[in-house]
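All remarks here apply to the structure that follows.
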Amino acid sequence: MERYTTPTTPPVYKQMSQEGYDHTAVEKRWQEAWADASVYRTPDDVDDPTYVLGMYPYPSGKLHMGHVRNYTITDAYARYRRMRGDDVLHPMGWDAFGLPAENAAKERDTNPRDWTFDCIDTMRGQMRSMGFGYDWDREIATCTPDYYEWNQWLFRRFHEEGLAEQRDAEVNWCPDCETVLADEQVEGEDERCWRCDHLVEQRELEQWFLSITEYADELLDCIDDLDGWPDSVRQMQRNWIGRQEGTRLTFAVSGDGVDESVEAFTTRADTAFGATFFALAPDHPITEELVAADDDVREFVEEVADPEGDEPNGVATGLTATNPVTGAELPVFVADFVLSDVGTGALMGVPGHDDRDHAFAEKTGVDVVPVVAPEPEGYDPETDAVPDAPDVSEAAFTDDGVAVNSGDYSGLRSADARAAITADTDGAALTTQYRLRDWGISRQRYWGTPIPVVHCHDDCGSVLVPEADLPVELPEFINTTGNPLDAAEEWKATTCPECGGPATRETDTMDTFVDSSWYFLRYVSPDLADAPFDPDRADDWMPVDQYVGGIEHAVMHLLYSRFVTKFLADAEGLTTREPFTNLLAQGMVQLDGEKMSKSVGNVVSPQRIVDEYGADTARLFMMQAAQPERDFDWSEEGVRSTYRFITRLTRLVEEYANAGGSTVTDADPDPAVAAYVDDEIDAAVAVATEEYDDLTFNVALREAQGLVGTLRNYVDYAAPADPAVLNRGLSVAVRLLAPVTPHVAEELYETLETDAEPGETPAFAVDADWPTSDADRGTAEMRRRLVENTREDVRQIVDVAGIEDPSAIDVVIAPDWKYDALEIAIASDADNLIGELMQESHIREEGDAAAAYGQDLQAEREALSETLPGDDEYEALRAAAWLIEREFDAPVSVTRAADAADDVVRKAEPGRPAIDITE
RNA sequence: GCGGGGGUGGCUGAGCCUGGCCAAAAGCGGCGGACUUAAGAUCCGCUCCUGUAGAGGUUCGAGGGUUCGAAUCCCUUCCCCCGCACCA
């Protein structure tokens with residue numbers, strides 16, 4: 001067969017060979033062109049743009065594959081929305097504060113600021129080389145005073161609203177480094193400093209807290225409405241907040257000179273009659289009194305208690321606690337499984353109905369009393385007798401059931417017993433407990449936002465720095481073992497804003513999660529000098545429509561951002577209360593099933609891939625490899641194959657463009673084949689568009705790549721190709737790929753468009769219109785299935801019948817009356833289908849054939865499904881006939897029933913044409 | 001333990017919400033063919049079993065159930081991954 005010939009090679013592809021196209025030249029060219037034309041700029045006056053955001057990175061200095069995947073997802077989606085005609089806001093910035101910069105500065109004898117900005121410059125360059133289309137005019141770096149001033153402003157606002165306070169807290173403290181360590185920086189069982197290997201201590205320090213717990217209920221309840229978020233993240237946030245409804249009971253603890261009321265929290269007030277002991281945490285205030293007086297308790301607390309261990313350990317104190325529900329006197333233990341930060345640090349022990357209490361009772365010999373029985377089938381508390389108590393000597397019964405051995409409450413269901421006991425008991429009250437703690441934001445580090453507070457040497461205490469004096473800027477970095485801010489004597493010395501007397505600056509800086517809890521608002525108006533964000537524009541532009549980032553931020557960053565957004569809504573009148581409408585937690589890029597990590601040494605450098613194959617290949621490979629939220633394995637073979645695909649595409653376009661002026665050949669294009677290609681183009685658009693909307697790029701790209709394959713086949717085997725159809729097909733394919741392979745798309749789009757409109761300045765593919773089609777996906781898929789099934793049937797016949805070399809293949813569409821009959825059968829619910837069919841005269845006229853087909857339909861009654869109408873089947877198969885011809889090298893005829901022999905027609909059914917092969 | 005997500009053909013992995021067109025997409029691997037001096041690349045097929053005209057049989061962790069019909073819905077059970085957890 002004739003091939004589309006290539007008379008000359010255009011300049012850009014001079015180097016193109018089997019190895020591929022010149023990606024370096026193409027990518028550089030378009031990156032410059034985009035920058036020159038500011039195509040990614042989002043003007044301030046656009047109306048409600050689609051806000052697409054990737055979690056901003058810590059500027060480590062090197063882009064890794066995780067970044068590339070994250071930002072390719074947002075970039076592809078942003079580009080897609082842009083082509084659909086949306087205004088798009090797609091900014092980028094830097095989470096630029098943090099300890100690594102401090103450590104790097106010490107190692108390299110520089111300072112965190114210079115080091116960080118170097119890293120930012122490098123990474124910005126790498127992002128540009130990936131072709132990410134950001135509005136760099138909106139770039140932010142949290143380590144600039146312009147930005148962190150507003151962290152300080154935010155702190156002030158929290159303080160003014162009574163939601164920031166300073167209090168003592170236990171922290172990890174490395175005496176050698178003289179700094180606080182985050183939990184993640186404490187290593188090993190014996191808790192050593194990650195930097196100097198010194199043993200870490202717990203220390204009580206004055207720390208600043210933001211009262212996120214004030215928002216616990218709203219943060220929890222609103223999770224239900226975040227239906228654009230993955231369930232996993234929503235569940236993790238629910239767990240983290242950990243709201244529990246229960247009862248607060250007041251126990252009178254006495255003996256040995258102690259006589260106090262102690263509160264205990266329980267979710268199972270219905271088991272109060274089964275309480276046989278009372279337990280205090282090793283660091284409970286009463287325990288601390290006892291430690292001084294009682295050697296056994298002291299020894300237990302200091303030597304035996306092992307809160308990390310699995311065994312419940314405890315020591316009897318000789319005190320008794322009065323059960324407020326029953327009046328019973330319970331022995332009081334100090335036990336290591338009681339945690340001071342859970343509930344109230346004291347609990348009533350119910351061994352009959354709690355596994356851990358049961359284990360403790362076995363160990364200490366306290367009584368085990370059953371007070372809840374499993375609810376009998378059909379139990380009615382009003383009329384039925386109280387069930388027998390279960391045997392709990394071996395194991396606790398922990399489910400809800402029916403109260404037994406519980407005085408007046410016996411017979412009540414657990415839930416009712418809880419309510420009644422809570423209502424009847426003096427000092428008892430329903431309360432809600434949370435696992436969520438207030439957000440400790442103090443860090444004893446240099447490279448962060450200074451907390452805008454001074455400590456007055458006289459009597460003013462801790463005083464906020466007035467708004468007019470913000471920002472409190474960081475002093476020069478001092479290379480020291482402790483907190484450099486502590487060593488900055490000049491900086492520390494200041495005056496009290498209230499009394500004007502001498503004062504010392506707060507040397508704590510803020511957790512960097514403060515920076516990231518509102519950065520998405522700063523992009524709205526990044527240069528605004530007198531407010532963190534422009535309120536009107538923020539109301540218009542927020543929330544973020546599509547947020548993309550790693551699952552590791554499921555709780556911290558995403559919860560803090562929700563908290564701060566809600567706070568700003570209440571305190572500043574921001575109209576949005578949830579910052580991120582849709583959230584995508586992208587999967588990991590792995591190598592041999594393992595997370596890429598430096599320590600394992602299995603890191604693939606994006607830079608190398610870009611150098612070798614180009615950014616487009618890297619992007620396309622990643623996006624087609626898997627759904628964005630799934631992990632996938634990096635595969636060099638896959639990358640190469642993606643590269644070859646792009647090379648083939650460029651070659652196809654180039655061949656078309658070169659032949660474009662002289663497509664006149666002797667023969668006319670076959671309209672049937674052109675129609676097939678046209679249909680495939682429409683189908684590809686219909687499918688890919690839906691999938692881009694869902695961010696399932698892998699499916700969309702499969703469609704785009706499939707279309708390219710179809711076009712190649714068309715050019716290769718059905719020459720001459722119809723230039724109009726081919727042009728449309730190529731243009732569509734290029735645009736369907738453009739969000740993911742922007743550079744090569746520009747190059748090819750230019751080739752195609754310039755060719756079509758000589759002399760006109762080519763528009764950017766970035767700004768091109770997304771292709772449209774009237775095709776309905778369902779219909780298109782039905783058509784594809786028909787074609788594929790028919791080809792498959794031909795193959796089977798040839799194979800099974802052992803036909804060596806078919807000389808002709810006839811495909812015959814079923815007669816119209818069968819389509820009618822099928823339609824009637826699907827719609828009908830009559831018992832006697834045949835009778836119903838025979839009411840149609842044109843079916844009845846078919847006699848035995850109609851009866852036979854009617855019986856077939858009757859037999860498969862429930863399984864019948866719609867097919868394409870007969871005319872459409874005819875057209876679809878005619879258009880696809882070339883595929884069969886090409887495969888079997890035999891002429892294929894597609895005919896209507898009326899034009900075919902009766903004995904062949906008989907086998908034809910809607911959706912399944914008769915096939916007659918002549919050997 | 002609690003909560004969430006899974007177990008599909010040689011492998012990876014879609015389908016399951018909305019049961020029938022599902023022996024089950026796609027990719028990889030394997031086999032055959034075309035092209036090539038050859039290799040590579042590319043292209044066309046095949047890849048559970050049986051079958052000389054598009055057929056039949058046995059499959060979607062295991063067991064049961066619902067249904068005319070189940071990879072898909074329900075129940076039980078086993079296993080894997082993730083998050084939380086001596087949480088009162």
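Chain identifiers are assigned alphabetically (A, B, ...) following the order of the sequence lines, protein sequences preceding nucleic acid strands; residue numbering begins at 1 within each chain.
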- request: Assign the ring pair A/F360 / A/F277 to parallel, tilted or perpendicular, where the plane angle (0 to 90°) is split at 30° and 60°.
  value: tilted
Per-nucleotide protein contact along nucleotides 11-20 of chain B, 5' to 3', at a 4.0 Å heavy-atom cut-off (B base, S sugar-phosphate only, - neither), is ---S-----B
Output yes when A/R702 and A/E691 qualify as a salt bridge under the 4.0 Å nitrogen-oxygen rule, no when they do not.
no
Given the rule in the side-chain contact (heavy atoms from CB on, under 4.5 Å) test, do A/F300 and A/N313 qualify, once you have shown the distances and angles that lead to the verdict?
CA-CA 9 Å; A/F300 174 77; A/N313 302 305; 3.8 Å; yes
A/H553 meets the ring pair (Phe, Tyr, Trp, His ring centres under 6.0 Å) criterion, sequence neighbours left out, with A/H557
Sorted by chain and residue number, the ring pair (Phe, Tyr, Trp, His ring centres under 6.0 Å) partners of A/Y692 (sequence neighbours excluded) come out as A/Y80, A/F697, A/W770
RNA chain B nearest-nucleotide lookup for A/D355 and A/M782: closer to the 5′ end is A/D355
TODO: Using a heavy-atom cut-off of under 4.0 Å over every strand shown, decide if A/P806 touches base, sugar-phosphate, or nothing.
DONE: nothing
Could you give the distance separating B/G54 and B/C21 at their C1' atoms, to the nearest angstrom? 15 Å
note: A/I809, atom CD1; B/G54, atom P; distance rounded to Å ~ 16 Å
Query raised in the report: So what does A/R234 hit on the nucleic acid, given a heavy-atom distance under 4.0 Å: a base, only sugar-phosphate, or nothing?
Result: nothing
Among B/G4, B/A53, B/C21, the one nearest any side-chain atom of A/S232 is B/G4
Looking only at the side chains, is there a donor atom on one of A/R238 and A/Q235 sitting less than 3.5 Å from an acceptor on the other? yes
Separation of B/C21 atom C1' from A/R784 atom CZ, nearest Å, is 16 Å
- Determine the interplanar angle of the A/F278 and A/F251 rings, folded into 0 to 90°, and report it as parallel if under 30°, tilted if 30 to 60°, perpendicular if over 60°. tilted
Separation of B/U52 atom P from A/Q796 atom CD, nearest Å, is 13 Å
Shorter than 3.5 Å, N or O on both sides, protein versus nucleotides 28-31 of chain B: list them out with atom names.
none

Note to self: Over all strands shown, is A/R238 touching base, sugar-phosphate only, or nothing at heavy-atom distances under 4.0 angstrom?
What the structure shows: nothing
Please enumerate all protein N or O atoms sitting under 3.5 Å from an N or O of nucleotides 45-49 of chain B, with distances to 0.1 Å.
{"residue": "B/G45", "atom": "OP1", "partner": "A/R791", "partner atom": "NH2", "Å": "2.9"}

Assess whether a salt bridge exists between A/R795 and A/E788, defined as any Lys/Arg side-chain N lying under 4.0 Å from an Asp/Glu carboxylate O. yes
Its contact letters, B for base, S for sugar-phosphate only and - for none at protein heavy atoms under 4.0 Å, make nucleotides 81-88 of chain B read --BSSBBB
Atom CD of A/E691 and atom P of B/A25 are separated, to the nearest Å, by 18 Å
The answer to which of A/N789 and A/D793 contacts RNA chain B further toward the 5' end, by nearest nucleotide, is A/N789
- Determine the Euclidean distance between corresponding C1' atoms of B/G13 and B/G29; express it in Å to zero decimal places. 14 Å
Requested in this report: Taking A/R356 for its side chain and A/P312 for its backbone only, find out whether a donor-acceptor pair lies under 3.5 Å.
Outcome: no
A/N713 atom CG is separated from B/U42 atom C1', nearest whole Å, by 11 Å
Next item on the list: Considering only atom P, compute the distance from B/C68 to B/A62 and round it to an integer number of Å.
Entry: 25 Å
- [ ] Take atom P in B/C82 and the same atom in B/G33, then report the distance between them in whole Å.
- [x] 46 Å
Using atom P in both nucleotides, what's the gap between B/G27 and B/U77 to the nearest angstrom? 40 Å
Taken to the nearest whole Å, CG/A/L822 to P/B/C21 is 15 Å
| query | So does A/R268 pair up with A/D400, basic N to acidic O under 4.0 Å? | reply | yes
Please measure how far the C1' atom in B/A88 lies from the corresponding atom in B/G15, and state the result in whole Å.
45 Å
Checking side-chain contact (heavy atoms from CB on, under 4.5 Å) for the pair A/R783/A/E873: CA distance, chi angles, key distance, verdict?
CA-CA 7 Å; A/R783 200 195 75 241; A/E873 285 202 354; over 6 Å; no
Taking a pair to mean Watson-Crick or G-U wobble geometry with both distances below 3.5 Å, B/U42 pairs with B/A34
Residue pair A/E680 / A/Y714, side-chain donor-acceptor N/O under 3.5 Å: no
**Report entry** Separation between the P atoms of B/A71 and B/G63, rounded to whole Å
**Finding:** 13 Å
I'd like to know if the side chain of A/S807 reaches the main chain of A/T918, judged simply by a donor and an acceptor atom lying under 3.5 Å from each other, with no hydrogens or angles considered. yes
Using the C1' atoms only, state how far B/C60 lies from B/C73, rounded to an integer number of Å. 16 Å
*asked:* Please classify the nucleic acid contact of A/N698 as base, sugar-phosphate, or nothing, using heavy-atom distances under 4.0 Å.
replied: nothing
Considering every strand and a 4.0 Å limit on heavy-atom distances, what is the contact class for A/I803: base, sugar-phosphate, or nothing? nothing
In whole angstroms, the gap separating C1' of B/A41 from OH of A/Y643 amounts to 14 Å
